[in-house]
Amino acid sequence: MAENPKPNDNQNPKKTIPPYMKAFAGSIGGIVEASCLQPIDVIKTRLQLDRSGSYKGIIHCGKTVSQTEGVRALWKGLTPFATHLTLKYALRMGSNAVLQTAFKDSETGAISNRGRFLSGFGAGVLEALVIVTPFEVVKIRLQQQKGLSPELLKYKGPIHCARMIIREEGILGLWAGAAPTVMRNGTNQAAMFTAKNSFDVLLWKKHEGDGRTLQPWQSMLSGFLAGTAGPVCTGPFDVVKTRLMAQSRSGGDVKYKGMIHAIRTIFAEEGLLALWKGLLPRLMRIPPGQAIMWGVADQVTGFYERTYLQNAAL
C-alpha cells in the first residue's frame, strides 16, 4: 500500500521569500550599516581625492579631519549616505530576487551559479544608474569640502548641493562617473550574491526556504567574506568614479574626460598603485558593511521564513 506523500516532498513547489520582503530587509540593514561606518567612508573619499599627499594614512587622515574640522566632520554626508544605502539595498535585494526568478528552473525552483551571477550583475547595474550615482555625486561633493564654517562652504547640505549641481552643470551633472559606477557595482554585486550563497551553504548548510535562521554572527561572517573580493577587483573603477564625481563642470574644462581617459591620466601622472588608492579603507568599509547588512537582513528574512513559509521549522 502506497504511503501518503509528506508535505515536503519534491512535488510541492519550493516556497521562497518574496522580493518585497528582501527589499525591506535590505533597507533596514542599510540604515544600521550607514550609521556605523560613515567615518570610514569619509576617510576613504579624502584619501582618494588627495593628490598632494597631505594625509599620511588612514589614522592620520581621521585625526586631521577631526582636529581641523571637528569630530562631526567624520559624519559629513551622512544624510545622503544613509538615504542612499537604504534605497540602494532595497533596490538591490528586491531586483536581485526578481531577476533570480527568471533564471530559476521552472520545475525544481533551483538556480545555477551562472543565473545567480547574472542576477547580481543586473541588480548592480540597476542600482548604479537609479540610485548610487546621483547620491554618491552629492555625498562626494559634500565630503571633499574642508573647513569648519558652514557659511564659507559652497554646498550647505545635500539638497542645496544637488540644486547647485543641476544649476551649474545640468541634470546630467548628477550622473558624473556613471560608467565606472556601473562597472564597479555590477561586478561587485555579481560576485557578492554568488559568494554569500556559497558561503551560507558551505559553512552553515543553509538553503533559502529551509526554515532555518542563521545566528547573526554566522550571517556576518558570510557577508564579510563575500564582501572582500569586490574592492580588490574593482579598485580602479572606484578611484575613477570618485575623481569624476568630484570634479565640477561649471568652470568649463575638466581634467578627466571620461572613464578611460581618467584611468590613463591617473596611471601616467601618479603610477599604477594610485588606481588602488583608498583600498585599505574600502576593505575596512565594505566587508564590515556587508557583515552588518547581512546580519540584520538575514534576521528579518529569517523571521519571515519561520512565520509565513509552510516549510519553516516549528
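We're numbering straight along the sequence, starting at 1.
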* Let me see the working for Glu269 and Lys255 under salt bridge (charged side-chain N to carboxylate O under 4.0 Å, His left out), right down to the final yes or no. => CA-CA 12 Å; Glu269 295 181 353; Lys255 181 177 179 66; 3.0 Å; yes

* Asked: Testing Arg282, Arg243, Lys277, Arg285 for salt bridge (charged side-chain N to carboxylate O under 4.0 Å, His left out) with Asp238, which one passes?
  ->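 Result: among Arg282, Arg243, Lys277, Arg285, Arg282 is the only option passing the salt bridge (charged side-chain N to carboxylate O under 4.0 Å, His left out) with Asp238.
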
* Residue among Lys206, Lys196, Arg306 satisfying salt bridge (charged side-chain N to carboxylate O under 4.0 Å, His left out) with Asp298 ->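 The option that passes is Lys196.
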
Any carboxylate oxygen within less than 4.0 angstrom of a Lys/Arg side-chain nitrogen, looking at [X] and [Y]?
X	Y	answer
Arg46	Asp50	no
Glu69	Lys76	yes
Glu136	Lys44	no

From [X] [atom1] over to [Y] [atom2], what is the distance, rounded to the nearest 0.5 angstrom?
X	Y	atom1	atom2	answer
Thr86	Leu91	OG1	CG	12.5 Å
Ser119	Asn96	OG	CG	5.5 Å
Trp75	Ser35	CH2	OG	10.0 Å
Arg92	Ser27	CZ	OG	12.5 Å
Ser198	Leu225	OG	CG	11.5 Å
Ile286	Thr228	CD1	OG1	9.5 Å

Quick one: does [X]'s side chain get under 4.5 Å of [Y]'s, heavy atoms only?
X	Y	answer
Met284	Leu37	no
Ile266	Tyr256	yes
Arg141	Val138	no
Thr213	Gln299	yes
Gln189	Phe121	no
Trp294	Met192	yes
Lys22	Tyr304	no
Tyr89	Glu127	no

* Asked: Quick one: does Trp276's side chain have a donor or acceptor within less than 3.5 Å of a partner on Pro236's backbone?
  ->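 Such a contact is absent between Trp276 side chain and Pro236 backbone.
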
* To do: For the pair Gln145 (side chain) and Tyr155 (backbone), establish whether a donor and an acceptor sit closer than 3.5 Å, ignoring hydrogens and angles.
  =>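 Here the side-chain-to-backbone pair exists.
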
Which heavy atom in [X] sits nearest to a heavy atom in [Y], and how many Å separate them?
X	Y	result
Leu275	Val239	O-CG2, 3.3 Å
Gly57	Leu47	O-CD2, 4.2 Å
Asp200	Ser222	OD1-OG, 2.9 Å
Ala246	Ile140	CB-CG2, 3.9 Å
Ala82	Ala34	CA-CB, 3.6 Å
Leu142	Cys161	CD2-CB, 4.3 Å

State yes or no: do [X] and [Y] share one hydrophobic cluster built from I, L, V, M, F, W and Y residues joined by side-chain heavy-atom distances below 4.5 Å, directly or via other members?
X	Y	value
Phe103	Val201	no
Leu244	Met183	yes
Phe237	Leu279	yes
Leu87	Leu99	no
Trp175	Val130	no

* Start with the C-alpha gap between Glu270 and Arg264, add the side-chain angles, then the distance that decides, and say whether salt bridge (charged side-chain N to carboxylate O under 4.0 Å, His left out) holds. => CA-CA 10 Å; Glu270 304 172 51; Arg264 289 176 176 171; over 6 Å; no

Is [X] atom [atom1] crowded by more than 12 heavy atoms from other residues, nucleotides or ligands, each under 6.0 Å away?
X	atom1	result
Lys156	NZ	yes
Phe24	CZ	no
Leu273	CG	no
Leu203	CG	yes

* To do: Starting from the C-alpha separation in whole Å, work towards a yes-or-no answer on salt bridge (charged side-chain N to carboxylate O under 4.0 Å, His left out) for Lys154 and Glu168.
  => CA-CA 12 Å; Lys154 179 177 181 179; Glu168 295 178 351; 3.1 Å; yes

* To do: Begin with the C-alpha distance, continue with both residues' side-chain angles, and end with the deciding distance and a verdict on side-chain contact (heavy atoms from CB on, under 4.5 Å) for Met245 and Thr133.
  => CA-CA 8 Å; Met245 288 180 174; Thr133 303; 3.9 Å; yes

* **Trace of the side-chain contact (heavy atoms from CB on, under 4.5 Å) decision for Asn197 with Arg116** => CA-CA 9 Å; Asn197 178 77; Arg116 200 177 299 276; 3.5 Å; yes

* Given side-chain contact (heavy atoms from CB on, under 4.5 Å), test Lys88 with Phe135 step by step and report yes or no. => CA-CA 10 Å; Lys88 178 178 75 172; Phe135 273 93; over 6 Å; no

* Give the C-alpha distance, both sets of side-chain angles, the deciding distance and a yes or no for side-chain contact (heavy atoms from CB on, under 4.5 Å) between Leu74 and Ile43. => CA-CA 8 Å; Leu74 291 172; Ile43 291 171; 4.3 Å; yes

